[in-house]
Amino acid sequence: MAYNFKAIEKKRQESWEDEKAFRVERDESKKKYYSLVMFPYPSGNLHMGHVRNYSIGDVVARFKRMQGHSVLNPMGWDAFGLPAENAAIKNGIHPDKWTCSCIDNMRNQLKSLGLSYDWDREVATCKPDYYKWTQWMFLQLYNQGLAYKKKSNVNWCPSCETVLANEQVVNGKCERCKSEVGKKDLEQWFFRITEYAQRLLDDIDKLKGWPEKVKIMQENWIGRSEGAEIEFKIEGSGKCMVVYTTRPDTIFGVTYMVIAPEHPMVEELIGGTPYEEACRDLINRIKHVNEITRTSNETEKEGVFTGRYAVNPLNGEKIPLFIANYVLLEYGTGIVMGVPAHDQRDFEFARKYNLPVRVVIQPEGSQMDGDSMTEAYDGEGVMVNSPPFNGISSSEMISKIVDYIEENKLGKRKVNFKLRDWLISRQRYWGAPIPIVYCQKCGIVPVPQDQLPVVLPTDVKFTGRGQSPLAASEEFIHTECPTCGGKATRETDTMDTFVCSSWYYLRYCDPTNPDEPFSSENVGYWMPVDQYIGGVEHAILHLLYSRFFTKALHDMGFVPVEEPFTNLLTQGMVLKDGAKMSKSLGNVVSPEEIIDKYGADTARLFILFASPPEKDLEWSDQGVEGCYRFLNRVWRIVEEFQPLIINVHGEIPDNLPQADKELRYAVHSAVKKVTDYISERFNFNTAISAVMELVNSLYYYREKVTAEERNPLAVKEALENLITILAPFVPHITEELWELIGGKGSVHNQNWPKYDERVLVREEIEIVIQINGRVKDRISIAAGLDREQTEKAAMESPKVRSLIEGKSVANIIIVPKKLVNIVVQ
RNA sequence: GCGGGCGUGGCGGAAUUGGCAGACGCGCUAGACUUAGGAUCUAGUAUCUCCGAUGUGAAGGUUCAAGUCCUUUCGCCCGCACCA
């Protein structure tokens, strides 16, 4: 019988579904393992990146299950978001209907891959029984003061007609639709993630199982810096300006000051002065420059003198105040002190506007001069021009000067972060409504928990213009104030979809709980996620938000852990012809097509075999063929040997013929390799090649040993082990073959095989003989030989003898069981 | 500019703590079986001036021994980028 993958895969998928084969419940008697893949946005179609992601996750889950863990391996849908709404605008289909049909389609595609999910735990973030709890999360954060509303100048995508979080603006463009992002003043809801900045940073150290790259990206994003805030008096006014600097040691080198053009103080500084016009002119020009150019360090630095002077609090010097494009309002205090000699940006600015450059730090053994230097010096050195601190080192200066500043009440130490609060308001329909009501009497009122969920109205039109469709729904907007019962209106913004995905891994632990988002028992048992797998594109956004949620929920006593994901694997992309598969390049290979032609097992095997999971994978049609051939090869050898081993029982004797010993060696070493490769490094590609070696050994055995001489027990052991170690990779064919050889139950419920060290002990081993580090001969020696005996055996090699004849042996290095290196002169 | 990663046959990729470079697969070559082979099985396949040398982007170094460690350098990929 040939390998009929179509029939086999259909049959097996149906029976797993009927039996709910991968359903899992809390089981205190077993060690738990939570394997999680990043849930997909239901676009409607699976692509190869999904196949890779979920195949990797499935191997992990199946492997851990066979090792005796109670494995949580769930799947769900990140189902809110713009594409559904855009489809509604374009085709007139309601987003809910569109999304549900996409989910149905993708679920079928996932099922055709034979993934071992507990489908009873499926969640979709757009269902009221899920977003009810997303709203609940909002209320918890609101009660803790971690959700708040403020007017702010926000990123606005003119095409999506919504605001975006800083994290969603990529190179000044909308992460989703790629159109240029503008600015707008709006009242918006924020989550106070900055409250957790320090802990999010500190705990990165605890993430031992995360890739270094991701940790560094988060570290940079949080962007902690230590420095000082220092007050400068404005001359001719009682007011002060506060600057933030990380280099207080350079304070005597300040020769000018700069204030951001958008700074609220600018108005009173320039209003009614002769400098007003020139300043306004510049401010207007800067306003019309987009964010990318504005914040690029290639943009020419531009500034205008305000006519004002500030006073250096350390030496009383009068210094001119400028407005300039290179100072950002959002960071620090929006005002900086200009130290041209020791900051490259300030240096460029000073040269352009002929401002003095005063050196206050001299590097060891050189004499820099402010007039002749060609670039700023930002290293360490000895203080000069800084009485009374001259002569001390600049590193010592930092703490001394800050102490001095604090003692004299001129300023204070200050830690700053680049991380901003998370803007979660979206002026769109297809998201979780923010559970807030505005009452004329009571103001902002959170919707009480027993009134959740605030359900999305259905009487809406999708025009794609103006405000959110929610704002146009009469039924939705008008409500009663939960506090006073008076007339009130609902918040019409919905939440960023990243809010929904910041806690889904918690819901999987207890997906149908009607009374709570999750019970503490279930979350206590399953959390944290032991292995999280997904694309590196989520290195900052999703992973940082999820860490924030976990910490906030931990502090409120809902979650026992402080970090959600113990180990993180960022899988590489799937490439074709060296480029990422994309419609525009026309290099897309659809999973359906491959499954149809070769079956899911072949598709999975290829994708796991072609490359280690964290690296990019080059698609190869011929490589797929090769994997298909391999499965056929497995099928044929099992089928051929099956009659020999069926109904054979007993212990394998120790004294076997050499060929049987070799076969057993191949079996046990394959088990060892596959076990090590999967558990230590997730190197599925080398694990699979180890299985291929075993299959090659079986064919060798078949070639060399006649049918009558074959040992049924040894062959049985070989086949059983082959099928079990292959099971996590190719679940359908192994299930079928397991039944064929008379295995009990499902192969996926078998214990992961153990290898026998005794079988791996060889009587004779081959060692390499080198002369001056070059391989000259190989000899076979008894495994138990000690160093002296090994040396003796090596020196007896005729080849070695002739090569060292007449030369003097200077040294002999022996690596037991491996090699002998003879050093001659 | 800063940070991270990578560089090994015709190709994808293997090589614990430095210890046989090229596992496994693809491709290619030959043979067997065949009316036939784009099936299957078997054997071979780094390079060269082929009884011997040379080979892991390049150049140095450490070592009995280097793909692996150190120094310099070139190339590619990814992330961040006026954060004071």
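Reminder, nothing fancy here: chain letters follow the sequence lines and each chain counts from 1.
- A 3.5 Å limit on both hydrogen-bonding distances identifies B:C48 as the Watson-Crick or G-U partner of B:G52.
- Going from atom CG of A:Asn683 over to atom P of B:G12 covers 18 Å, rounded to whole Å.
- Nucleic acid contact class of A:Pro211 (heavy atoms, under 4.0 Å, all strands): none.
- Both the sub-6.0 Å distance and the 45° axial angle are satisfied by A:Arg633 relative to the ring of A:Tyr699.
- Across the strands present, B:U71 finds its partner in B:A59; the criterion is a Watson-Crick or G-U wobble pair with both atom distances under 3.5 angstrom.
- Rounded to an integer number of Å, the gap from CZ of A:Arg420 to C1' of B:C80 is 14 Å.
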Could you go through the side-chain contact (heavy atoms from CB on, under 4.5 Å) check for A:Leu544 and A:Leu419 one step at a time?
CA-CA 11 Å; A:Leu544 193 66; A:Leu419 184 70; 3.9 Å; yes

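- Salt bridge A:Arg762/A:Glu662: present, at least one basic N to carboxylate O contact under 4.0 Å.
- Distance CE/A:Met265 to CD1/A:Ile335: 5.5 Å, rounded to 0.5 Å.
- If you check B:U17, B:C20, B:G12 against the side chain of A:Val768, the one that comes closest is B:C20.
- Residue pairs meeting the salt bridge (charged side-chain N to carboxylate O under 4.0 Å, His left out) criterion with at least one partner in residues 685-705 of chain A, sequence neighbours excluded, are A:Glu640-A:Arg702, A:Lys673-A:Glu693.
- Under the Watson-Crick and G-U wobble criteria, each requiring two contacts below 3.5 Å, nucleotide B:G1 is paired to B:C80.
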Check the interface with nucleotides 63-69 of chain B: list each N/O to N/O pair with the protein under 3.5 Å, or write none.
| residue | atom | partner | partner atom | Å |
| --- | --- | --- | --- | --- |
| B:C64 | O2' | A:Asn821 | ND2 | 3.2 |
| B:C64 | O2 | A:Asn821 | ND2 | 2.6 |

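- An anti orientation is assigned to B:G52, its glycosidic angle lying beyond 90° of 0.
- The phosphate of B:A14 (OP1 or OP2) has a side-chain N or O of A:Asn685 nearer than 4.0 angstrom.
- For B:G31, the paired base is B:C41 (Watson-Crick or G-U wobble, both distances below 3.5 Å).
- Between the C1' atom of B:G13 and the CE atom of A:Met692 lies a distance of 12 Å, rounded to the nearest Å.
- Looking at the side chain of A:Thr686, the nearest of the listed nucleotides B:A14, B:G19, B:A84 is B:A14.
- For B:A36, there is no paired nucleotide, since no Watson-Crick or G-U wobble pair has both relevant distances below 3.5 Å.
- A:Leu328 CG to A:Lys418 NZ: the interatomic distance, rounded to the nearest 0.5 Å, is 10.5 Å.
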Identify each atom pair where a protein N or O and an N or O of nucleotides 49-51 of chain B are less than 3.5 Å apart, giving names and distance.
none

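- Of the candidate nucleotides B:C24, B:A84, B:G19, B:C24 has the atom nearest to the side chain of A:Ser689.
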N/O contacts under 3.5 Å, protein versus nucleotides 39-42 of chain B?
| residue | atom | partner | partner atom | Å |
| --- | --- | --- | --- | --- |
| B:U40 | O3' | A:Arg636 | NH2 | 3.0 |
| B:C41 | OP1 | A:Arg633 | NH1 | 2.9 |
| B:C41 | OP1 | A:Arg636 | NH2 | 3.1 |

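- B:A65 is unpaired under the Watson-Crick or G-U wobble criterion, no partner having all donor-acceptor distances under 3.5 Å.
- In this structure B:C50 sits in the syn conformation; its chi angle is within 90° of 0.
- The A:Ile216 side chain lies nearest to B:G3 when the options are B:G3, B:A84, B:G12.
- Remark: P of B:G12 and CG of A:Asp577 are 13 Å apart, rounded to the nearest angstrom.
- Spacing between atom CD1 of A:Ile259 and atom C1' of B:A84 amounts to 14 Å, rounded to whole angstrom units.
- Here A:Tyr331 reaches the OP1 or OP2 of B:A84: one of its side-chain N or O atoms lies under 4.0 Å away.
- Under 3.5 Å, the side chains of A:Asp421 and A:Thr194 contain a donor-acceptor pair of N or O atoms.
- Within the nucleic acid shown, A:Gly626 comes within 4.0 Å of sugar-phosphate atoms alone, with no base atom in reach, counting heavy atoms only.
- The structure places CD1 of A:Ile204 at 4.5 Å from CD1 of A:Ile222, a figure rounded to the nearest 0.5 Å.
- Residues A:Val214 and A:Leu207 have side chains not in contact (no heavy-atom distance under 4.5 Å, counting atoms from C-beta outward).
- Atoms CD (A:Glu348) and P (B:C82) sit 13 Å apart, rounded to a whole Å.
- Using a 4.5 Å heavy-atom cutoff, the side chains of A:Leu282 and A:Pro261 are not in contact.
- When the C1' atom is compared between B:A66 and B:U71, the two are found 15 Å apart, to the nearest whole Å.
- In this structure, CD1 of A:Ile771 is placed 14 Å from C1' of B:G52, rounded to the nearest angstrom.
- Counting only heavy atoms from C-beta on, A:Val327 has its side chain closest to B:A84 among B:A14, B:A84, B:C20.
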Contacts under 3.5 Å, N or O only, protein and nucleotides 53-56 of chain B:
none

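- Partner assigned to B:G18 is none, using Watson-Crick or G-U wobble distances below 3.5 angstrom.
- Note on A:Ser620: nothing from the nucleic acid sits closer than 4.0 angstrom, heavy atoms only.
- Pairing partner, B:G10: B:C26, with both Watson-Crick or wobble hydrogen-bond distances short of 3.5 Å.
- Nearest to the side chain of A:Gln622, among B:C82, B:A15, B:C26, sits B:C26.
- Here B:G25 presents its C1' atom at 13 Å from CG of A:Leu631, a figure rounded to the nearest Å.
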N/O to N/O distances under 3.5 Å, protein versus nucleotides 75-79 of chain B:
| residue | atom | partner | partner atom | Å |
| --- | --- | --- | --- | --- |
| B:C78 | O2' | A:Lys213 | NZ | 3.0 |

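- The aromatic rings of A:His342 and A:Tyr377 sit perpendicular to each other, their planes meeting at more than 60°, with 30° as the lower class boundary.
- Between A:Phe349 and A:Phe322, a ring centre-to-centre spacing shorter than 6.0 Å is recorded.
- Residue A:Asn325 has its side chain nearest to B:C82 when only B:A84, B:C82, B:U17 are considered.
- Proximity note for A:Val775 (side chain, C-beta onward) versus B:C20, B:C24, B:G27: the nearest is B:C20.
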